[in-house]
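Only one structure is covered here, and it is reproduced in the block below.
The structure presented is a predicted model; accordingly, all values stated were derived computationally and were not measured.
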Amino acid sequence: MDGHEKVLVIDFGGQYNQLIARRVREHNIYCEVVPYKTPIEKIKAENPKGIIFTGGPASVYLDSSPHISKEIFELGVPILGICYGAQLMVYTLGGVIGKANDNSLAEFGRTECDFDNSCALFNGLKERSVVWMSHNDYIEQLPEGFRAAAHSAKCPYGAIENPEKKFYATQFHPEVNHTEQGFEMLGKFLFDVCGCKGDWTMSSYAQTAIEEIRTKVGDGKVLLALSGGVDSSVACALLSKAVGNQLTCVFVDHGFMRKNEGDEVEKAFADWDVNFVRVNAGERFIAKLSGISEPEQKRKLIGEEFIRLFEEEAKKIGKVDFLVQGTIYPDVIESGTGDAAVIKSHHNVGGLPDYVDFKEIIEPLRLLFKDEVRKLGTELGLADYLVWRQPFPGPGLAIRIIGEITREKLSILQDADLIFREEIVNAGLDRDINQYFAVLTDMRSVGVMGDGRTYDYTLALRAVTTSDFMTADFARIPYDVLEKASVRIVNEVGHINRVCYDITSKPPATIEWE
């Protein structure tokens with residue numbers, strides 16, 4: 001974002017890369033994640049206050065591993081290397097990286113580490129605390145000008161520094177919660193070393209975004225893809241403030257909504273001073289997905305059909321130049337960027353067709369994490385029930401029905417999902433659990449009901465706690481709440497005779513099943 005101090009996180013393929021960005025932003029400092037292949041000229045043009053090298057799975061001494069030009073160390077910008085990033089710094093500047101062939105020097109998981117408090121990263125912190133290690137290779141010999149700043153029982157160079165050049169590196173991961181003082185360590189780098197002031201707030205973001213949208217749109221017409229979820233609702237509020245009645249919000253009820261949700265969304269926006277259009281397209285979408293069971297194909301077909309519908313609605317309104325979507329940062333990352341793997345194609349990112357009949361797609365939330373979107377919604381004056389609405393994927397229940405979609409399966413899932421959500425609210429857990437829903441599996445099993453044999457569907461319940469939706473842990477729902485939900489579902493919903501609870505975290509799973 002122009003006008004804000006910026007930190008660049010250079011991505012070398014590690015699993016915690018987006019978490020580093022989250023932690024930086026939690027210090028009210030704007031940052032972006034960029035690929036390691038980004039040209040030095042472009043990095044220099046960004047005028048960053050600091051640079052952070054991420055971890056990664058490779059060995060830095062192999063030619064096939066990610067590397068970066070030595071010129072980056074000549075920009076006069078403070079640099080923090082983490083794990084692979086630490087080894088890359090050492091290797092590039094003339095040090096030696098060794099491989100722990102016998103695992104005597106490899107470290108994984110919870111590790112006690114001792115810190116030198118004279119180092120800027122650890123000044124004022126406890127001299128010993130727990131960190132999170134995850135490395136096979138190790139720093140064997142330091143480059144000229146560096147010294148050790150922390151060590152563990154196995155790792156003599158748990159952290160290193162060259163204070164004259166403002167280069168710092170940690171073999172451990174300060175960005176994860178398992179590292180007890182990690183958040184503070186990152187803060188020391190950002191404020192004490194880089195000299196950041198922390199000017200990134202949702203108030204300033206809103207002002208900047210509104211000005212940028214006005215400049216981009218001019219007197220053009222804008223169509224917003226409104227789902228009624230928090231992301232598109234916040235995007236609607238932002239666009240409404242930016243361009244007023246130039247905005248038309250189109251809510252497509254694709255038939256895969258939660259029970260009664262189409263009417264609830266329409267009611268929620270009835271009093272808004274926006275042009276609101278509801279399109280009931282359930283038959284069209286269900287027909288489009290007939291016989292389709294592969295998850296990526298579902299997402300791409302839904303993404304394309306959404307765009308075709310918006311194009312049709314745009315022609316009814318008149319010439320519409322811009323399409324607005326509530327895309328957020330985790331959508332972009334999971335859909336794959338640069339060398340990153342595609343986890344799943346979000347219908348509004350990787351699921352877009354090659355040709356889109358709009359002048360431009362505007363994504364005002366593209367750089368924000370979910371909790372930042374909620375803060376922005378509050379800043380814009382949205383009601384709590386919209387800001388804290390349960391997240392719902394664009395493809396809706398289509399990706400919560402495993403396998404082929406039928407009207408019968410859709411009806412079953414809508415009823416079961418409603419019961420589960422009701423019981424979570426009844427237990428007062430709706431603000432403690434960040435996302436909760438039901439999944440209709442394609443597995444049938446034998447059961448007994450009314451002294452007779454049944455052979456019906458297994459329903460899975462999913463509930464997670466998370467701050468950023470990039471990582472998540474399964475929610476520890478009390479057994480009595482799960483029991484109430486299970487008993488009600490089996491008794492009140494036909495064709496379900498077994499209910500399971502998903503206790504898998506993200507990673508290795510994703511939050512949604514498809």
Side-chain angles (χ1 to χ4, degrees), residues 1 4-34 48-56 77-86 89 110-111 113 115 119-126 129-134 150 158-159 166 168-202 205 328-330 332-334 340 367-376 434 465-473 505-507:
M1 295 291 291
H4 289 282
E5 56 190 10
K6 180 185 295 185
V7 169
L8 291 183
V9 177
I10 299 184
D11 183 0
F12 291 96
Q15 62 177 316
Y16 301 127
N17 298 348
Q18 306 315 313
L19 191 54
I20 297 172
R22 281 289 301 111
R23 295 294 178 253
V24 173
R25 291 197 193 175
E26 284 171 5
H27 284 288
N28 294 328
I29 296 166
Y30 180 69
C31 74
E32 288 183 18
V33 180
V34 299
K49 296 281 288 185
I51 293 171
I52 299 177
F53 293 167
T54 75
V77 178
I79 299 176
L80 171 65
I82 297 174
C83 198
Y84 179 88
M89 180 184 290
R110 186 183 187 279
T111 306
C113 199
F115 305 103
C119 173
L121 296 189
F122 314 125
N123 183 29
L125 302 183
K126 291 188 295 184
S129 65
V130 170
V131 301
W132 191 258
M133 292 280 196
S134 183
K166 294 189 176 181
Y168 296 84
T170 64
Q171 185 61 76
F172 57 85
H173 289 271
E175 70 274 21
V176 302
N177 287 332
H178 306 288
T179 296
E180 290 178 353
Q181 302 181 100
F183 185 74
E184 291 81 4
M185 294 171 190
L186 286 173
K188 296 284 186 184
F189 174 72
L190 296 167
F191 293 107
D192 297 350
V193 178
C194 300
C196 292
K197 296 182 177 64
D199 65 354
W200 169 251
T201 64
M202 286 304 99
Y205 179 85
I328 65 173
Y329 211 5
V332 176
I333 301 307
E334 288 193 341
L367 298 175
L368 302 185
F369 290 92
K370 180 71 78 174
D371 60 324
E372 292 176 318
V373 174
R374 293 193 197 280
K375 289 176 184 176
L376 179 59
N434 301 102
T465 57
T466 176
S467 63
D468 53 24
F469 289 82
M470 293 302 301
T471 60
D473 197 6
S505 296
K506 174 188 179 180

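- The nearest pair of heavy atoms linking H173 to T179 is O-OG1, 2.7 Å.
- A donor-acceptor contact under 3.5 angstrom links the side chains of S505 and D473, judged on distance only.
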Carefully, step by step, assess L80 and L121 under the rule side chain to side chain contact (heavy atoms under 4.5 Å, CB included).
-> CA-CA 10 Å; L80 171 65; L121 296 189; 4.1 Å; yes

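- Remark: side-chain polar atoms of E175 are not paired, donor with acceptor, to backbone N or O of R23 under 3.5 angstrom.
- For the pair N434 and T465, the tightest heavy-atom approach, listed with the atom from each and the gap, is OD1-CA, 3.1 Å.
- With contacts defined as side-chain heavy-atom distances shorter than 4.5 Å, the pair F115/Q181 qualifies.
- Put simply, the side chain of E5 never gets that close to the backbone of Y30: no donor and acceptor are under 3.5 Å apart.
- Under the 3.5 Å distance criterion, the side-chain polar atoms of T54 are matched with a main-chain donor or acceptor of F12.
- The shortest side-chain heavy-atom distance between L367 and R25 falls under the 4.5 Å cut-off.
- Nearest heavy atoms, P48 versus V77: O-CG1, 3.7 Å.
- In plain terms, the two heavy atoms of I82 and F172 that are nearest each other are CG2-O, 3.6 Å.
- At least one side-chain heavy atom of L368 sits under 4.5 Å from a side-chain heavy atom of M202.
- Of all heavy-atom pairs between M89 and G81, the closest is CE-N, 3.8 Å.
- Closest approach of G56 to Y84, counting heavy atoms only: N-CB, 3.3 Å.
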After noting the C-alpha distance and the side-chain angles of D371 and R22, does the key distance pass the side chain to side chain contact (heavy atoms under 4.5 Å, CB included) rule?
-> CA-CA 10 Å; D371 60 324; R22 281 289 301 111; 2.6 Å; yes

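- Atoms NZ and OG1, from K506 and T466 in turn, are 7.5 Å apart once rounded to the nearest 0.5 Å.
- Contact check for C31 versus W200: no side-chain heavy atoms found under the 4.5 Å cut-off.
- Put simply, OG1 on T111 and CH2 on W132 are 8.0 Å apart, with the number rounded to the nearest 0.5 Å.
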Let me check something: any side-chain donor-acceptor pairs from residues 183-194 under 3.5 Å, sequence neighbours excluded? List them with distances.
from : atom 1 : to   : atom 2 : distance (Å)
K188 : NZ     : N123 : O      : 2.7

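- Put simply, OG1 on T201 and CG on L376 are 10.0 Å apart, with the number rounded to the nearest 0.5 Å.
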